[in-house]
Colleague: 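So that we are looking at the same thing, I have put the structure below in structure tokens.
Here is how names work: the chains are called A, B, and so on, in the same order as the sequence lines, proteins then strands, and each is numbered from 1. Model, not experiment: these values are computed from the prediction.
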Protein chains: 2
Amino acid sequence: MEIYTIRDIARKAGVGVSTVSRVLNGRPDVSETTRKRVTEVVEACGFVQNRNARNLKTTKPVFAAIIVRGRRNMFLSDMAEEMLHCAQGYKTPFIVKYIDEEDDEFGAMRQLWNEKRAGGFILLGSRIDERSEIVASLGMPCVFATVDAAGSGIANASSVCIDDRAAAREVMDRLLANGHTNVAVFGGNSEGNDVFARRYQGAMDSLRAHGVDFNPEHYVVTRFTLTGAYESARRFFEGHREITAVLAMSDTVAAGVIRALWELGLRVPQDVSVTGYDGTEMAKYFIPAIDTVRQPTKEIARESVKLLCEMLEGGERRDVTVAYEYVPGESVAACRSCAREG
Amino acid sequence: MEIYTIRDIARKAGVGVSTVSRVLNGRPDVSETTRKRVTEVVEACGFVQNRNARNLKTTKPVFAAIIVRGRRNMFLSDMAEEMLHCAQGYKTPFIVKYIDEEDDEFGAMRQLWNEKRAGGFILLGSRIDERSEIVASLGMPCVFATVDAAGSGIANASSVCIDDRAAAREVMDRLLANGHTNVAVFGGNSEGNDVFARRYQGAMDSLRAHGVDFNPEHYVVTRFTLTGAYESARRFFEGHREITAVLAMSDTVAAGVIRALWELGLRVPQDVSVTGYDGTEMAKYFIPAIDTVRQPTKEIARESVKLLCEMLEGGERRDVTVAYEYVPGESVAACRSCAREG
DNA sequence: TCCGGTTATGAAATCGTTTCCAGTCGGGTT
DNA sequence: AACCCGACTGGAAACGATTTCATAACCGGA
């Protein structure tokens, strides 16, 4: 395949390069005849601009980037999609940047800044830990979505999230109300992950309020994939048949756990109750449908975009809490064995 | 945040720009002391290269791109991951480019070519239709993964896939062997999509061979999401209670269908049998586990990469067929009502 | 006829890198 | 002492676009 530059096009069309550039960018100050001639040549050659050169030269005024950590996470990529949609209502252009789970958002932010002059960021799938001070040092407006930045002390970061602690507490309350006192919690490593930590605390709040003890051994750290959850659950339940309910920190994990229980001959919800988290499609269509906490995607997206645009115009940081919703499914039932006992 | 260029770094370190460049790119011909001094300044400033400028200048020799159409499709993104892994064994560097379902791969290919000199492509989630002649016109080595390019006449395109027609036929054979004669097929729009068309033909082959009629009304076109499949199924089964088995063209679709049936009071597999396609995690962990056709991800990935590298070195186009595998699940059982009849 | 004011156009500078090329500086050979 | 060679280094020319600025052409009005 031939490789054309704007100069080739200019030569073929018998005009100057600047004219071609003007045509390509839809500038008004080109005569109709010239425009047509250039357009024809461009089409004929299948010419496309070299983005590298373009971006190098055009230091765009300011725009915002949504950084999604983990492209396989449906919950996050749906959210990003929604944000893009909301962003249409603002004059600031938004773009989405997917990065891998392993690599860090700060490099990506820096990159986006000096390649394209990104002036603000929405962080999805991020967490707040010691490394977050980098966000502060960058000094650019940021919004943490689904993460609470209220106590972080980062001056340039807003956040929007549900009250994870209260949500987890409500979930546990419901399990307790169903008579479950032997509950296992399946989550991620909560050290250095404020989100998991908050949910854990919520669950503990509930247990404490009801005077129920929690054996730390019943907190299971798992990968957030079906296979990971399944394997963790198989291993865990080998030696923990006393458990009658599982609070999982994502719908995917809940699904994996349910399958594992099923294979062990334990029915959900008859023998064991299981709850999920996030409110994904998966929870709705799994059999049994999974009781879950819906994080209002649309609202979080809308608020995140709004908050970032506010800050870009000089507004102060703010933390917004949106309402979560407990979505009943078919995976929680009264505890039989407990009833017998009691 | 300050914005640094390589020139700033050079000035601060008291060296020339070319030296900084050499350090940044790990060239050997820099004295250790200089290297250290430059590195220090770079770290201190948090300097990152401007990729635009870099790519603009460095016309890399040749490398290959994997174009994935649809970033939400787990099956495809897993495959891409696997390809990247296989590619490490070759000297050609590979990169992955995700594009949206709506937009076309040809623009992306052109873009990648003249921005980065991509010399070859693997197309994932593509299909072969009239627009594919663009692939031919580009004239660069391409590999269609999970799509058969054998009869396409595109001189520069190899392909690797399972025998979709035979696979679909086997699935239908198994359903028939279980006594199901009233089968519905849930798939995508097969006009202009060779993959769906091939699977459809396979299913028809089987029916024909067994002398079973197929009512074209029983081919249901659906979106390939849980919600889409669920809704299609709800709608379809309102008026089609005679159906005792569903052949779905993806695991996701199968899951949505199973849920819909369940809500209509039809048990899988007792009342209706359902089969999926692809062999994803989902199929394995759904309840009931879904009978499916496993497309050997690793092998397809490995062959695709191999084929592309072959072509890059001047080899001829080839079409490779890899073995599929029918993975039994828990979603197919003998047809009760049919048994009663027969 | 001359002039101010559009309108359309091209030449040239610029963006931040890489890389070629030429040059400096020691130190070992003749 | 003259020479060469190797290891380092810096200057400057690209890369392919955009954008500023200057110029040419044209038009209507005085």
Colleague: With nearest nucleotides of DNA chain D determined for B/L56 and B/G16 from heavy-atom distances, which residue corresponds to the more 5′ nucleotide?
Modeller: B/G16

Colleague: What is the distance, to the nearest angstrom, from the CZ atom on B/R11 to the C1' atom on C/dT17?
Modeller: 17 Å

Colleague: What about A/T19: does its side chain form a donor-acceptor pair under 3.5 Å with the base of C/dG10?
Modeller: no

Colleague: Closer than 4.0 Å, any side-chain N/O of B/T58 to the OP1 or OP2 of C/dT19?
Modeller: no

Colleague: Before giving the answer on side-chain hydrogen bond (donor to acceptor under 3.5 Å, both in side chains), spell out for B/R51 and A/N114 the whole-Å C-alpha distance, their side-chain angles and the decisive distance to 0.1 Å.
Modeller: CA-CA 9 Å; B/R51 280 244 175 81; A/N114 70 4; over 6 Å; no

Colleague: Measure from CG on B/N50 to P on D/dG16 and round the result to the nearest Å.
Modeller: 16 Å

Colleague: Search all heavy atoms of A/R37 against all heavy atoms of A/V15 and return the closest pair with its distance.
Modeller: NH1-CG1, 3.9 Å

Colleague: Can you identify which nucleotide, out of C/dT19, D/dT20, D/dT18, has its nearest atom closest to the A/N25 side chain?
Modeller: D/dT18

Colleague: Taking the basic N atoms (NZ, or NE/NH1/NH2) and the acidic carboxylate oxygens, is any pair closer than 4.0 Å for B/R318 and B/E310?
Modeller: yes

Colleague: Would you mind classifying the nucleic acid contact of A/D29 as base, sugar-phosphate or nothing, using non-hydrogen atoms under 4.0 angstrom?
Modeller: base

Colleague: Please state whether the base of C/dG10 and the side chain of A/R22 form at least one donor-acceptor pair under 3.5 Å?
Modeller: yes

Colleague: When we call it a touch if two heavy atoms are under 4.0 Å apart, what does A/T5 touch: a base, just sugar-phosphate, or nothing?
Modeller: sugar-phosphate

Colleague: Roughly how many Å is it from CD1 in A/I6 to C1' in D/dC15, rounded to a whole number?
Modeller: 14 Å

Colleague: Tell me: CG of A/N55 to P of C/dT17, nearest whole Å?
Modeller: 14 Å

Colleague: Using only modelled atom types and a 3.5 angstrom limit, is any donor from either the side chain of A/T34 or the base of C/dA8 paired with an acceptor on the other?
Modeller: no

Colleague: Check every atom of C/dT18, D/dG16, D/dT18 against the side chain of B/Q49 and return the nucleotide holding the closest atom.
Modeller: C/dT18

Colleague: Give a yes/no on whether any side-chain N or O of A/S21 is located under 4.0 angstrom from OP1 or OP2 of D/dA17.
Modeller: no

Colleague: With the side chain counted from C-beta on, respond yes when A/E102 and A/D104 share a heavy-atom pair under 4.5 Å apart, and no when they do not.
Modeller: no

Colleague: Can you tell whether the side chains of A/E313 and A/K91 come within less than 4.0 Å, N to carboxylate O?
Modeller: yes

Colleague: Applying a 4.0 Å non-hydrogen cut-off, can you work out what B/R7 is touching in the nucleic acid: base, sugar-phosphate, or nothing?
Modeller: base

Colleague: Could you check whether A/D29 pairs with A/R27 (Lys NZ or Arg NE/NH1/NH2 to Asp/Glu carboxylate O, under 4.0 Å)?
Modeller: no

Colleague: Pick the closest DNA chain C nucleotide for B/R54 and for A/T33 by heavy atoms, then say which residue is nearer the 5' end.
Modeller: A/T33

Colleague: Determine: side-chain N/O of B/S31 to OP1/OP2 of D/dT9, distance under 4.0 Å, yes or no.
Modeller: yes

Colleague: Whole-Å distance between D/dC15 C1' and A/D8 CG?
Modeller: 13 Å

Colleague: For B/R37 and D/dT9, give me the distance from atom CZ to atom P, rounded to whole Å.
Modeller: 8 Å

Colleague: Nearest-Å distance, CG (A/L24) to P (C/dT9)?
Modeller: 14 Å

Colleague: Whole-Å distance between C/dG16 C1' and A/K57 NZ?
Modeller: 11 Å

Colleague: Answer yes or no: does a side-chain N or O of B/R27 lie under 4.0 Å from OP1 or OP2 of C/dT19?
Modeller: yes

